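I have placed the structure first, in the form of structure tokens, so that the comments after it can refer back to it.
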Amino acid sequence: MANDTPSNGRPPRNSPTGADLDVAAVRDKYARERDKRVRAEGTDQFNFAEGRYAHFDDDPWAGPPAPREPVAAEFDLLIIGAGLGGLITAITALDAGIEDFRMVDITADFGGTWYWNRYPGIRCDVESYIYLPYLERTGHMPTERYVRGDEILGYCQTLAKQFGLYDKALFQTKVEAVEWDGEASRWNVVTNRGDRLAPRFLVTQSGIFSRPQLPGIPGIEDFEGKIFHSSRWDYEYTGGDLHGGMSNLADKRVGIVGTGATGLQVVPELARDAGSLTVFQRTPTAVNVRDNGPTDREWFESQPAGWQRAREVSFNQIGNGENVDCPIEDGWARFFYTLIDAVERLPEDRRTDIEAVAAAQEQADFGYNEVLRERVDNTVRDAEKAALLKAYYRTLCKRPGFSDDYLPAFDQDNVTLVDVSTGIERITPGGVQVDGTEYELDCLVFATGFELGTTWVHQAGYDIRGRGGRALSDKWARGLRTYHGLFSEGFPNVFFLGLTQTGTTISVPHMLQEQATHLTFVIAHALANGVSQVEATEAAEAAWQETIGAVNEARRPFQEACTPGYFNAEGKPNDRRSAIGSGIFFPSTQFFTDWESWRQAGEFEGLVLR
Ligand code: NDP
């Protein structure tokens, strides 16, 4: 593989260039691989917690809730969701002097995604030194560069304790109805515990990696063995915990469907502990080096004040194509520098030519993936398996994979890899049938992702009735309509957190901090100045749709060429129903700077303050 060197006086980064590849042939190969996997139903191919699997909406990590009196109270702010989004919003609110707030979550503790997901091998694939917020304030030193899920869950609880949030939280409480009372300028929120909460402001989110998604495979209701979703791991059945030790599986024939970011972490654990493991793979994930290791205390303690924010910002900058020195040298950085270096190799006058940049980055991306395919050959001894494990799609079509133990697991004698690129025929009472062959199983694990392709209201599990009783499910039936991703016309005093029409970041807590800073600024201003209602104007929202639409249009050719996944609404990028489908704003560096200028201007442009 040719590894050319970028210019600009930097030390060589040795980024792949793809210069020796036949671009047309690679494109053609990618298109053929995509076409095998595209399904006419798009996102509708999936099922959710229904029928036999309705219990996937239940919480396996907590017993029935302890009885409590319903709460009837008025206060300034209600935060729905006690994951990282809720925690960051709460801490940001406290920093701004907003103390009169409550939090509510269906879970029994803080943690959100990290509360639900406790599968064996779970880790964050973003460096803990930026992913875990407020390290400089809590003094916590992550044990490793990429920490396990239980450390993140524990850290969420540490944050809640340190900032006094337990007293403000109502757990095991499901929001059922949310209605705007224009006269009182308050939201009326009703829960399944009989609470009547009346906050002036509401921060909410649909929660992104919490509700299990199941494949719509014929016969899925018929399997007579053990079946569960990765985010509802049944340790009672498997034994062990997220660190492994699933001794009950020693004599079991286990199957797994799903080889995405979760599958990558689960497979090595099952391969080690199960009698046999059959991996049903529709699309292989491109897997780069992980290179995890313990934190060097001396290094950690020598970091100057403000280091975490600086690290987070520069990581986001390279993710947005800005050629800055980022202290993070990992798989993410190597990939982004591959794209950055591709642009730097262009003559200076062509670096702003969109088509030239796209072509250079495409070729470099092909080169980057060729290196990963070579890595498969160099790692997996079984040539047939190696051929199946090679990924043929552009890197950002799916969540990039990083692992040092995933590929080697396939060389174990007890591991079978089954290609289901055109689909699994059916699930039978005894196992999984593919092309006429039945694979008999005792246990089937679905690492098939989360409900992300449905509407915001479907994912949230409750509707919101705004001004004049208008339902959010109506307004957003065909996708989000927001101003800056946070505000929506007709829905005063509510802020939408998460993957809305906003600036996104690889390290999700960074995005959440920017969102929390922005919305808290608005709430603090309203509370201090007797403003009872804050709402986006129709004109601002319409203009924002045009901005988002233009970004989506520019990205469409890339998304259409991508293999299906939740990033492109399962191969149908025009399906705008979901939050992801209806637009993510890039580049987020610019977006965050614009937000800062907006706050500094202090004019609340695009909002009506009543
Ligand atoms: P994904 O949606 O990424 O992957 C689902 C997997 O299930 C894919 O391999 C998919 O195949 C497969 N699948 C779905 N339906 C079928 C079917 N009918 N037959 C065969 N295979 C099927 O879910 P994950 O849980 O892996 O990850 C979701 C997200 O969670 C990630 O993208 C990431 O953002 C986050 N995550 C983050 C982690 C972290 O470290 N920060 C760790 C784990 C997850 P196909 O690709 O063909 O659709």
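In listed order, ligands and their atoms are each counted from 1. Just so you know, these numbers come straight off a predicted model, no measurement behind them.
Among the atoms of Q213, none of the N or O lies under 3.5 angstrom from an N or O of ligand 1. For W114, no nitrogen or oxygen atom sits less than 3.5 Å from a nitrogen or oxygen atom of ligand 1, counting backbone and side chain alike. For ligand 1, the polar-atom distance check against R37 finds no nitrogen or oxygen pair separated by under 3.5 Å. Taking distance alone, with nitrogen or oxygen atoms compared against 3.5 Å, I217 stays at or beyond that limit from ligand 1. Ligand 1 has no N or O atom lying under 3.5 Å from any N or O atom of S230, backbone or side chain.
Aromatic ring orientation, F446 versus Y53: perpendicular (interplanar angle above 60°, classes split at 30° and 60°). The aromatic rings of F410 and Y406 stand perpendicular to each other, their planes meeting at an angle above 60°, with 30° marking the opposite boundary. Using bins of under 30°, 30° to 60° and over 60° for the plane-to-plane angle, the ring pair F209/Y566 lands in the perpendicular bin.
Using a 4.0 Å cutoff on heavy atoms, Q281 does not count as a contact of ligand 1. The closest approach between a heavy atom of F280 and any atom of ligand 1 is not below 4.0 Å. Residue contact annotation: Q265 has a non-hydrogen atom under 4.0 Å from ligand 1. Residue contacts with ligand 1 include Y119, since one or more of its heavy atoms lies under 4.0 Å from the ligand. By the 4.0 Å heavy-atom criterion, G565 is excluded from the residues contacting ligand 1. Ligand 1 lies less than 4.0 angstrom from a heavy atom belonging to F46. For V257, the closest heavy-atom approach to ligand 1 falls below 4.0 Å.
Nearest to atom 29 (C) of ligand 1 by heavy atom, out of Y393, F567, F209, is F209. The nearest non-hydrogen atom to atom 36 (N) of ligand 1, considering only G263, P284, G571, A261, comes from A261. One option in T259, I220, I152, V434 has a heavy atom closer to atom 9 (O) of ligand 1 than any other, and that option is T259. Between the choices G121, S231, P215, the shortest heavy-atom distance to atom 18 (N) of ligand 1 belongs to P215. The closest non-hydrogen atom to atom 28 (C) of ligand 1, taken over F402, Y131, F446, F450, comes from F450. Among H229, R39, K36, R282, the residue whose heavy atom lies nearest to atom 11 (O) of ligand 1 is R282.
Electrostatic pairing of E440 and R253 counts as a salt bridge here, judged by a charged N lying under 4.0 Å from a carboxylate O. A salt bridge is absent between D59 and R211; no separation between the charged side-chain nitrogens and carboxylate oxygens falls under 4.0 Å. The pair R123-E269 does not meet the salt-bridge criterion, since no charged nitrogen lies less than 4.0 angstrom from a carboxylate oxygen. A salt bridge does not link R52 to E221: none of the charged side-chain nitrogens sits closer than 4.0 Å to a carboxylate oxygen. The existence of a salt bridge linking D44 and R577 is confirmed by a sub-4.0 Å separation between a basic side-chain nitrogen and an acidic carboxylate oxygen. At a threshold of 4.0 Å, the pair R309-E136 does not count as salt-bridged, since none of the basic side-chain nitrogens sits closer than that to a carboxylate oxygen. Ion pair R148/D150 not flagged as a salt bridge, since none of the NZ, NE, NH1 or NH2 atoms sits closer than 4.0 Å to an Asp/Glu carboxylate oxygen. D58 and R232 are not joined by a salt bridge, as no carboxylate oxygen comes within less than 4.0 angstrom of a charged side-chain nitrogen. Between R334 and E329 there is no salt bridge, since no side-chain nitrogen of the basic residue lies less than 4.0 Å from a carboxylate oxygen of the acidic one.
Summarising the local packing, CD of E41 is surrounded by more than 12 heavy atoms from other residues, nucleotides or ligands at distances under 6.0 Å.
Between Y30 and F366, the gap from one ring centroid to the other is short of 6.0 Å.
If you look at R123 next to ligand 1, the close heavy atoms, those under 4.0 Å, all belong to the backbone. Contact annotation: for Y566 versus ligand 1, heavy atoms closer than 4.0 Å belong to the side chain alone. Both the backbone and the side chain of T283 come within 4.0 Å of ligand 1, judged by heavy-atom distances.
For atom 41 (N) of ligand 1, the closest non-hydrogen atom of the protein is D125 OD1, 2.9 Å. Nearest non-hydrogen protein atom to atom 33 (C) of ligand 1 is R399 CD, 3.6 Å. If you check which protein heavy atom lies closest to atom 4 (O) of ligand 1, you get G260 CA, 4.0 Å. Counting protein heavy atoms only, atom 24 (P) of ligand 1 is closest to T262 OG1, 3.3 Å. Counting protein heavy atoms only, atom 1 (P) of ligand 1 is closest to G449 CA, 4.1 Å.
Interface of A447 with ligand 1, defined as ligand atoms under 4.0 Å from a residue heavy atom, comprises 5 (C), 6 (C), 7 (O). For ligand 1 and G258, the ligand atoms under 4.0 Å from any heavy atom of the residue are 6 (C), 7 (O), 9 (O), 12 (C). Shown in contact with K398 at under 4.0 Å from a heavy atom are these atoms of ligand 1, numbered in order with element: 45 (P), 46 (O), 48 (O).
Residue T259 holds its OG1 atom at 4.5 Å from CD of Q281, rounded to the nearest 0.5 Å. Note that OH of Y119 and CG of D241 are 14.5 Å apart. Values are rounded to the nearest 0.5 Å.
Closest approach of T482 and G485 over heavy atoms only: OG1-N, 2.9 Å.
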